[in-house]
Amino acid sequence: MFPRHFHACGLLLAISLPAATLQASPETLTVTISTEAGKSYRRQRLPDGTFKPEFYVMANGGLFRGTTRDESFDYVTYEEVAGKLKEHLARQQYLLADKAADADLFLVVYWGQTVPYNDGTYRNSVDQVASAINDYKLNRIPSSGIGGGNLPMINADRGPPSEQNPAPTEGLSQIESAMARVQMENLGRDSANLENAKLLGYLDAINERRHLPPWADVSGITQELTSDIEEPRYYIVIGAYDFRLMQEKRKQVLRWATRISIGSQGTSFDDRMAQMVAAAAASFGQPNGFRRRYFGDPRVDLGETKFIGVVGGEGVNPVKPVEPKK
């Protein structure tokens, strides 16, 4: 680790450095995990400190509404997902029941890929607003002819009002219509973002920050969270329901849920499924809320350095380090 402050000597050593290259570990991955537990649900511990075993049965829940599959899902079967979950659930003392009568929990597993908001139409609507405003300005700004007096409109020679040459009132109407379309697109964007935020477990994390002033979010986490839900993401969701209440009273009472997701661009579900499950395993059944786990770190490779001589002398100015932003 480099020191925070540097002191310059009278001489500077000249070192040849090859162009730095940023290399990311092939295992670099950011896994978002959101966990919740019912108010009445708490794991019991045995005298040795370990969790008291709970037994479950498991079912394939399929895709959530509004989400999709890609070709990488074709290489992953339900048995593979269930097998990986079974392995990590057992480490948290959740054990597969030998028969339904022994089950405490009914686990439903969903996985798929979110459909992000398509901002193509939104961008077009914004462009239409800008175009309508520019057209209106062109038809309202007088020319700078010599001689003063009543100056003609800059586009007065373009003929009667038309779609390309609107009258002033028509120009205002076009601006209002374009802005109304942008507002409708914003409503659609908010609706899509809301569904993805709920599915992925981002909703509370975003709501906690939405009223913060911009200067308070120095790390840019709010924008980062919004970007996440507006990109396609692979997800795995495990919902644990009270099995006995389902059987005896036909009630669906959620005891705990774990939501796991990663960005799907540049990767595939079959490559990352096992890592996603492993990243969230310690949170199964725990009310840990929203958090992220990072695997791998980007690293800078400077290559081979070469000493090529000494430059400078007395009076060499020290280089003032820049304090990291807090």
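All heavy atoms count here, side chains included; hydrogens, waters and symmetry mates do not. Numbers for residues simply follow the sequence, beginning at 1.
Two residues are said to be in side-chain contact when any heavy atoms from C-beta on lie closer than 4.5 Å; L105 and Y241 fail this criterion. Within the 4.5 Å cutoff, side-chain heavy atoms of L225 are placed close to those of F290. Proximity of L29 to I262: side-chain heavy atoms (C-beta onward) are separated by under 4.5 Å at one or more points. When side chains are defined from C-beta on, T67 counts as touching L199, because their heavy atoms get closer than 4.5 Å. Side-chain contact between L89 and M58 is present, with heavy atoms from C-beta onward closer than 4.5 Å. Looking only at side-chain heavy atoms (C-beta outward), I238 and L85 come within less than 4.5 Å of each other.
Side-chain atoms of T267 do not come within 3.5 Å of backbone N or O of S264 as any donor-acceptor pair. Listed for the R91 side chain is no donor-acceptor partner under 3.5 Å among the backbone atoms of A281. Looking at S72, its side chain never comes within 3.5 Å of a backbone N or O of S268 through a donor-acceptor pair. In this structure, R259 contributes its side chain and L200 its backbone to no donor-acceptor pair below 3.5 Å. Of the possible donor and acceptor atoms, one in the side chain of T35 sits under 3.5 Å from a partner among the backbone N and O of Q286.
In terms of heavy-atom proximity, A100 sits nearest to F243 at O-CE2, 3.2 Å. Minimum heavy-atom separation, A59 to F106: CB-CZ, 3.6 Å. Residue F55 comes nearest to L96 through the heavy atom pair CD2-O, 4.3 Å, listed as atom of the first residue, atom of the second, then distance. The two atoms that bring L95 and P53 nearest to each other are CD1-CB, 4.0 Å, heavy atoms only. The two residues F295 and A279 have their closest heavy-atom pair at CZ-CB, 3.6 Å. Minimum heavy-atom separation, G112 to L63: CA-CD2, 3.5 Å.
Remark: the R244 side chain and the Q247 side chain contain no N/O donor-acceptor pair separated by less than 3.5 Å. At a cut-off of 3.5 Å, with distance as the only test, no side-chain donor of S227 or E231 sits close to an acceptor on the other residue. Checking R43 against Y94 by side-chain atom types alone, a donor-acceptor pair falls below 3.5 Å. Looking only at atom types and distance, the side chain of Y41 has no donor-acceptor partner in the side chain of D242 under 3.5 Å away.
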Practice item. Take Y110 and I236 through the side chain to side chain contact (heavy atoms under 4.5 Å, CB included) test and state the conclusion after the steps. Key: CA-CA 6 Å; Y110 309 84; I236 301 173; over 6 Å; no
- Task: Would you please test R233 and D228 for side chain to side chain contact (heavy atoms under 4.5 Å, CB included) and show each step?
- Result: CA-CA 8 Å; R233 295 183 70 80; D228 276 2; 3.6 Å; yes
What verdict does the side chain to side chain contact (heavy atoms under 4.5 Å, CB included) test give for K86 and Y56, after you've listed the backbone C-alpha separation in whole Å, the side-chain angles of each residue and the deciding distance to 0.1 Å? CA-CA 10 Å; K86 177 183 175 182; Y56 66 88; 3.7 Å; yes
Could you walk me through whether F284 and H88 pass the side chain to side chain contact (heavy atoms under 4.5 Å, CB included) test, one step at a time? CA-CA 9 Å; F284 292 156; H88 288 282; 4.2 Å; yes
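Expressed to the nearest 0.5 Å, how far CD of Q275 lies from CD1 of I260 amounts to 11.5 Å. We find the CD-OG1 distance between Q113 and T68 to be 6.5 Å, quoted to the nearest 0.5 Å. Between the OG1 atom of T258 and the CD1 atom of I33 there is a distance of 8.5 Å, given to the nearest 0.5 Å. Taken from CZ in R42 to CZ in R255, the straight-line distance is 11.5 Å, to the nearest 0.5 Å. To the nearest 0.5 Å, atoms CD (E230) and OG1 (T114) are separated by 11.0 Å. The CD atom of E208 sits 10.0 Å away from the CG atom of L203 when rounded to the nearest 0.5 Å.
A salt bridge does not link E54 with K52: every distance from a Lys NZ or Arg NE/NH1/NH2 to an Asp or Glu carboxylate oxygen is 4.0 Å or more. Between E80 and K84 no salt bridge is recorded (no basic side-chain N to carboxylate O distance below 4.0 Å). Salt bridge annotation for E224-R292: present, with a cationic side-chain nitrogen under 4.0 angstrom from a carboxylate oxygen.
The cluster map of Ile, Leu, Val, Met, Phe, Trp and Tyr, joined by side-chain heavy atoms under 4.5 Å apart, puts I206 and Y235 in the same cluster. Note on V253 and L107: separate hydrophobic clusters, where clusters join Ile, Leu, Val, Met, Phe, Trp and Tyr whose side-chain heavy atoms are under 4.5 Å apart, directly or indirectly. The hydrophobic clustering, which links ILVMFWY residues whose side-chain heavy atoms are closer than 4.5 Å, places L254 and F64 together. In the hydrophobic clustering of ILVMFWY residues, with side-chain heavy atoms under 4.5 Å counting as a link, I221 and I229 come out together.
Ring-plane geometry between F269 and F73 is classed as parallel, the angle between the planes falling under 30 degrees on a 0 to 90 degree scale with a further cut at 60.
With respect to Y202, the side chain to side chain donor-acceptor pair (under 3.5 Å) criterion is satisfied by exactly one of T226, N196, T32: T32.
Shown here is Y78, whose OH atom has more than 12 heavy atoms of other residues, nucleotides or ligands within 6.0 Å. The local environment of CG in D74 is crowded, with over 12 non-hydrogen atoms from other residues, nucleotides or ligands closer than 6.0 Å.
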